[in-house]
Amino acid sequence: MGKFSKILVVGSAGQIGSELTMELRKIYGNNNVIAGVRKTAPSEKLKNSGPFEVVDAVNKEQLIEVVKKHNVDCIINMAAILSATGEADPKHAWNVNMNGLINILDVALEYKMKQVLVPSSIAVFGPETPKNAPQETILKPTTMYGVTKVSGELLADYYVRKFGLDVRGLRYPGIISNETLPGGGTTDYAVAIYYEAIKNKKYTCFVKEDTRLPMMYMPDCLKATCDLMEADFTKLKHHSDFNVGAMSFTVKDMADSIKKYIPEFQISYEPDFRQKIADSWPDSVDDTAAREEWGWKPSYNLDAMTQDMLKVIGEKHKNELI
Ligand code: SER
């Protein structure tokens with residue numbers, strides 16, 4: 001039994017939300033974790049294992065209805081428009097990412113939530129940030145996604161300071177996973193490369209081979225999120241902006257790792273507008289604060305992740321699920 005009785009995950013159909021909802025159901029009980037979806041229907045797995053509700057955080061009334069109906073005492077906000085999609089419609093990104101967040105924070109205050117978890121991202125960094133991003137550093141992002149994530153961190157910390165609300169967040173690096181595809185991010189190539197390696201034995205990457213970014217495998221992402229949720233609030237000096245690192249590699253490193261298991265794999269490069277976004281982000285992050293304040297420690301390195309990704313996606317392909 002964890003510290004919450006009812007958790008609402010907003011954005012449950014997404015890459016992280018879909019797996020985080022299942023992970024939380026394991027910890028807190030299937031009926032105690034509500035999968036909140038906006039318009040994408042939840043997967044069969046999510047639908048059949050526990051409650052789900054249509055909830056768009058931008059619609060405060062709808063959010064309140066769901067919170068009241070289930071007596072929610074913790075909200076996790078996984079809904080966001082990511083870096084690449086955000087550039088096509090920056091105002092939409094601002095609306096979803098900021099108005100969705102402030103509604104969640106206000107509803108959390110009004111209905112006396114025990115906790116709100118709002119992830120942030122390496123997108124808070126910009127070209128002036130040192131390449132191994134310190135915890136405290138220059139935050140001058142060049143994307144609207146980054147602008148909303150910096151603003152979101154400041155807003156969340158403001159609610160902690162001003163109202164005593166327990167809000168927590170961590171700056172996810174690029175997340176690599178094999179259950180739900182990511183949508184609209186710059187780091188999506190690090191997922192696509194594995195699917196294409198299995199399906200076609202080749203991949204054309206939209207960033208250059210020497211592009212190096214901080215990355216993390218989904219099991220570590222789930223662990224980081226659940227560990228931060230469980231951490232003792234009184235021990236936290238930071239709240240909404242923890243750097244969390246796991247790995248740092250170039251696209252060439254990924255291709256070489258795949259070639260160890262699929263020797264005929266071929267990669268080519270056709271950089272597009274996402275190259276500039278990738279170049280504005282750091283190579284790695286210093287996550288000493290997360291390690292010291294709540295014991296963060298990742299498990300996967302590149303080769304361990306490659307083996308697991310190829311195995312899982314290979315099985316899906318054999319069973320014609322992709
Ligand atoms: N994966 C995100 C993106 O590429 C970064 O947080 O936008």
Side-chain angles (χ1 to χ4, degrees), residues 11 13-20 76-90 92-94 96-98 100-101 117-127 129 133 137 139-153 156 169-195 205-208 211-218 220-222 224-225 228 240-251 254 271-285 287 290 298 305 309:
Q15 183 200 11
I16 303 175
S18 59
E19 293 201 46
L20 183 63
I76 300 184
N77 182 24
M78 302 305 300
I81 305 294
L82 298 189
S83 59
T85 327
E87 290 315 288
D89 191 348
H92 178 57
W94 176 270
V96 172
N97 299 0
M98 295 311 299
L101 173 61
L117 185 125
V118 195
S120 185
S121 159
I122 52 163
V124 293
F125 304 121
T129 306
T137 188
L139 303 178
K140 286 180 150 190
T142 54
T143 62
M144 180 52 96
Y145 177 56
V147 169
T148 65
K149 285 296 169 187
V150 175
S151 312
E153 287 182 357
L170 60 184
R171 293 170 175 158
Y172 290 137
I175 303 296
I176 296 162
S177 66
N178 50 48
E179 172 111 12
T180 308
L181 287 173
T186 300
T187 58
D188 292 12
Y189 67 84
V191 176
I193 193 172
Y194 288 113
Y195 280 83
C205 188
F206 57 75
V207 294
K208 291 186 293 190
T211 306
R212 178 185 290 278
L213 286 174
M215 298 281 179
M216 184 183 281
Y217 195 29
M218 183 60 91
D220 277 333
C221 169
L222 298 177
T225 311
L228 177 58
S240 308
D241 59 359
F242 283 102
N243 280 359
V244 280
M247 323 174 216
S248 165
F249 45 72
T250 64
V251 190
M254 293 195 89
D272 66 16
F273 73 101
R274 289 168 282 191
Q275 182 69 52
K276 229 177 158 175
I277 300 178
D279 289 345
S280 76
W281 291 346
D283 296 350
S284 58
V285 300
D287 59 5
M305 175 176 75
M309 284 292 282

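When a ligand or atom number is given, it counts from 1 through the structure's own listing order. We number each residue from 1, following the sequence as shown.
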Original post:
Passes side chain to side chain contact (heavy atoms under 4.5 Å, CB included), L213 versus T187? Steps please.
Top reply: CA-CA 8 Å; L213 286 174; T187 58; 3.9 Å; yes
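- Between I277 and T142 there is no side-chain heavy-atom pair separated by less than 4.5 Å.
- A distance of 13.0 Å separates CE of M215 from SG of C221, quoted to the nearest 0.5 Å.
- Listed by chain and number, the residues in a side chain to side chain contact (heavy atoms under 4.5 Å, CB included) with T137 are F125, T129, P130, P134, L139 (sequence neighbours excluded).
- For ligand 1, residues of the protein lying within 4.0 angstrom by heavy-atom distance are L82, S83, S121, Y145, G185, T186, T187, W281.
- Contacts of D287 classified as salt bridge (charged side-chain N to carboxylate O under 4.0 Å, His left out), with partners at least two apart in sequence or in another chain: R291.
- Applying the side chain to side chain contact (heavy atoms under 4.5 Å, CB included) rule to P90 yields the partners M144; only residues at least two apart in sequence or on another chain are considered.
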